[in-house]
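Beneath this line is the structure, given in structure tokens, with notes to follow.
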Amino acid sequence: MMTDRALPVLTVLLAIFALWYAAAVWMNAKWVYDQASRAGTTVTLAEVIPQTMAQPRPLLPPPHQVATELWKGVAAQAVTSKRSLVYHGYVTFRGTMMGFALGIALGVGLAMAIVRFRVMELSVMPWAIISQTIPIVALAPMILTVSNQMGIDNREVPKAIISAYLSFFPVLVSMVKGLRSPDQMQLDLLSTYGASQGQTFWKLRLPASMPYFFASLKVAIAAALVGTIIGELPTGAIEGLGARMLIGSQFGEPLIMWAALFAAAILAGGLIVIVGLIERMARARMGAPA
Amino acid sequence: MIWLVGAVLVWLGAWALNVRLAASAFGRTRAGRLAVATLFGITLLVLWEGLVRGLAVSPIILPGPSVIGPKIAASLPTLWADFVQTVVKGALSGFAIGTAAAFVAAIAIDRSPFLQKGLLPIGNFVSALPIVGLAPVLVMWFGFDWHSKAAVVVVMVFFPLLVNMVAGLQATDPLHRDLMATYSASYPQRLMKLRLPAAMPFFFNGLKIAATLALIGAIVAEFFGSPIVGMGFRISTEVGRLGLDMVWATIAVAALSGSALYGLIALIESRVTFWHPSQRK
Amino acid sequence: MKDTTQIGQPVIEARDLDLTFQTGDGPVLALKDVNLTINKGDFVSFIGPSGCGKTTFLRCIAALEHPTAGTLTVNGLTPDDARMRRAYGYVFQAAGLYPWRTIAGNVKLPLEIMGFSRAEQEERVRKVLELVELAGFGGKFPWQLSGGMQQRASIARALAFDADILLMDEPFGALDEIVRDRLNEEVLKLWARTGKTIGFVTHSIPEAVYLSTKIVVMSPRPGRITDVIDSPLPRERPLDIRDSRAFIEIAHRVREGLRAGHHDD
């Protein structure tokens with residue numbers, strides 16, 4: 001299964017790298033020609049290509065330049081330095097975790113209420129769906145300012161709110177589905193034992209919902225990270241990967257932008273892998289085939 | 001204080017009414033469901049207004065609905081211009097291009113198992129990445145106007161749509177495929193008569209995800225540079241000068257656009273995939 | 001395109017047929033040394049426990065599987081060529097109707113693919129829907145019909161392009177006994193009216209005996225034919241023929257054949 005996929009995936013990755021290099025040459029060449037014509041010299045194609053690989057402000061940095069910048073940001077700084085990507089990555093990670101936890105709590109809580117009370121389903125569920133069609137980014141600067149005005153200096157809180165806003169929904173939807181997954185026969189069995197609502201919940205509904213819960217976590221963690229980064233973007237944030245992207249953009253430093261982008265991608269990959277492992281462990285404990 | 005108590009009372013009263021409605025036979029009808037949801041939405045607004053007035057919240061922290069409403073009415077031309085710039089030019093054009101590209105790419109990939117195996121894991125991974133981060137790069141490439149916003153939207157919607165569409169094209173029933181084989185159907189016939197119709201529920205699933213992403217992308221991209229029009233621009237400048245009523249007015253427009261786009265897609269979905277178990281009436 | 005073979009002429013011939021599936025647990029002999037001749041106008045049932053290769057053999061005839069050794073001809077052609085010439089209609093275990101098409105649209109599907117004219121399509125749909133007693137249901141969607149009606153629609157779909165051979169793979173397995181009895185009667189009527197050659201997979205002994213002119217008993221590991229019984233029953237068969245002595249004798253022989261092949265479990 002794994003080896004079956006390795007070759008195609010590697011091929012596609014190689015193709016992406018090749019395209020990337022080609023695009024880097026093509027996009028960055030203009031700058032080289034401009035420099036040359038300003039200096040009154042002409043350059044041959046053979047001279048252009050190396051010069052497209054190491055510009056200070058490339059339109060599209062080639063992969064190795066991004067890798068170098070990333071390495072500089074990760075390994076060549078003290079971890080506590082404001083220029084360290086580890087530091088900014090950690091800030092983003094912390095925000096993501098808070099939002100993720102908040103989102104899970106909110107999603108599970110609402111799901112329980114919705115499954116238990118019909119009025120909750122009728123009144124809250126439609127608005128939960130509508131809430132996801134609202135572009136949260138419109139709210140982000142707002143939430144930041146309001147928290148500021150209210151004297152919450154800690155930037156973590158508004159970030160966590162935005163992050164939770166995006167991540168609670170997949171959990172909510174899956175949990176509602178999961179808590180409702182026991183079929184009528186299983187429910188009937190418990191009522192022949194005279195089980196109470198609470199017993200039915202603890203002994204049947206909750207265990208039955210667990211596979212759904214863990215399956216939703218992967219989506220939720222990705223959403224939480226996006227939310228955190230969006231929360232770091234607007235109005236003068238100084239910490240976190242989102243803020244690095246903004247700084248790179250405002251000061252015209254594409255390399256900073258690209259390094260932050262890839263740091264975010266690596267963080268996302270790591271988080272998804274970890275959540276995937278947790279999911280698999282949980283499934284194994286519940287006796288599902290690994 | 002009277003406002004606060006009043007608002008809470010109204011909210012409690014409405015909630016009690018909703019409890020009764022939900023338990024009644026009316027609550028099982030379509031109109032009943034709509035009524036309960038609407039009532040709940042209205043009570044939230046009342047509660048908001050009551051809190052703002054009762055606690056005398058400064059309008060530079062949180063203006064109440066009674067301030068935001070008139071502001072919307074008074075700023076219609078500006079809001080319309082922002083809407084056209086961000087939603088129509090940025091989000092919708094990007095959404096259309098991204099959808100078309102993903103559709104064509106999915107069909108192209110569909111013929112090659114090798115590409116499927118190679119691209120699907122990568123596509124799945126990329127759709128979980130914070131692609132919004134590409135916004136500053138694309139703004140640098142395509143300039144401040146709506147073209148860069150559309151580009152961000154294209155990149156954001158492409159992967160979720162691709163992954164869903166490829167999964168959809170593969171999701172045909174083996175029985176249905178065997179049937180096509182017994183007819184010696186050609187590839188285009190299989191595609192048109194079986195695989196595309198069968199992929200539609202997946203495609204619309206992707207479209208619904210993409211609709212939300214499209215608006216997010218278009219607005220975020222404006223934080224990285226925009227002309228002096230657009231919803232993202234409006235929000236960041238008005239927040240800067242504490243014009244929160246205008247910010248909320250823009251948020252209201254954004255919310256409305258997002259819900260309308262989603263609703264439109266859901267409506268088309270129910271027409272196209274009427275046969276799917278989730279849509280049958 | 002009408003073939004000129006007469007009743008009694010061989011239409012399907014299998015000689016020393018082998019089919020081995022490569023699975024994760026090593027090769028599986030799905031069919032071993034299968035020899036069989038099916039004549040024009042025959043109603044042939046394939047019966048046996050699961051894993052005996054009865055469905056696999058039917059799928060080989062339809063070129064949905066390909067034998068690894070031996071020869072198989074349909075109307076003197078390879079199964080693939082026969083398929084290109086629309087030699088057979090296939091009815092699956094489940095109706096397999098496309099949910100996004102109406103009943104009429106489903107019956108029309110093979111006609112569209114095979115390039116019949118519009119008018120011809122309409123005419124044929126009307127005719128076969130009448131044949132399976134679904135006239136008036138053409139505008140309904142599959143999920144609005146009962147399981148039995150869905151299966152009838154899928155038979156209409158297989159009949160629509162008027163192939164000479166009808167292959168049916170446990171078509172009534174998922175239906176209840178009463179519906180199944182009625183459909184069995186209808187299939188017999190259809191067979192009498194159209195003179196088609198029918199291959200019919202089942203695991204019900206009464207069904208096989210009631211329907212067939214020839215019963216092929218198969219057994220698993222490896223999948224092979226253990227007995228071929230030519231039925232002495234007349235072509236006209238009322239339901240109560242099942243209480244006759246001849247019927248019970250054939251059923252007994254089938255049961256014995258099944259038991260003999262069933263030594264190991």
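Labels below follow one simple rule: chain letters A, B, ... track the order of the sequence lines, proteins then strands, and each chain is numbered from 1. These figures come from a predicted structure and were not determined experimentally. No hydrogens, no waters, no symmetry mates; every other heavy atom, side chains included, goes into these values.
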* Asked: For C:Leu97, is it the side chain, the backbone, both or neither that has a heavy atom under 4.5 Å from a heavy atom of chain B?
  -> backbone
* Output the option from C:Phe92, C:Phe161, C:Tyr88 having the highest count of non-hydrogen pairs under 4.5 Å with chain B. => C:Phe92
* Asked: More than 12 foreign heavy atoms under 6.0 Å from CZ of C:Arg193: is that the case here?
  -> yes
* Note, C:Arg85 side chain near B:Ser184 side chain (heavy atom, < 4.5 Å) -> no
* Over 60° means perpendicular and under 30° means parallel, so classify the ring planes of C:Trp143 and B:Phe274, tilted if in between. => tilted
* Asked: Considering residues, nucleotides and ligands other than B:Arg20, do more than 12 of their heavy atoms fall under 6.0 Å from its CZ?
  -> no
* For B:Leu194 and C:Trp100, run side chain to side chain contact (heavy atoms under 4.5 Å, CB included): C-alpha distance rounded to whole Å, both residues' side-chain angles, the deciding distance at 0.1 Å, then the answer. => CA-CA 10 Å; B:Leu194 172 58; C:Trp100 52 87; 3.9 Å; yes
* To do: Against chain C, work out which of B:Met180, B:Lys193, B:Arg190 has the most heavy-atom pairs shorter than 4.5 Å and name it.
  => B:Lys193
* Can you say whether C:Ala94 sits under 4.5 Å from chain B via the side chain, the backbone, both, or neither, judging by heavy atoms? -> both
* Structure fact -> Between the OH atom in B:Tyr183 and the CZ atom in C:Arg157, the distance rounded to the nearest 0.5 Å is 4.5 Å
* Structure fact -> Per-residue tally against chain C (heavy atom, under 4.5 Å) across B:His176, B:Met200, B:Gln189 peaks at B:His176
* To do: Check C:Leu64 against B:Ala181 and note the closest heavy-atom contact, atom names and distance.
  => CD2-CB, 3.6 Å
* Asked: So do B:Asp178 and C:Arg59 actually touch side chain to side chain, heavy atoms under 4.5 Å?
  -> yes
* To do: List the steps, then state whether side chain to side chain contact (heavy atoms under 4.5 Å, CB included) holds for C:Leu109 with B:Leu179.
  => CA-CA 10 Å; C:Leu109 176 73; B:Leu179 191 68; 4.3 Å; yes
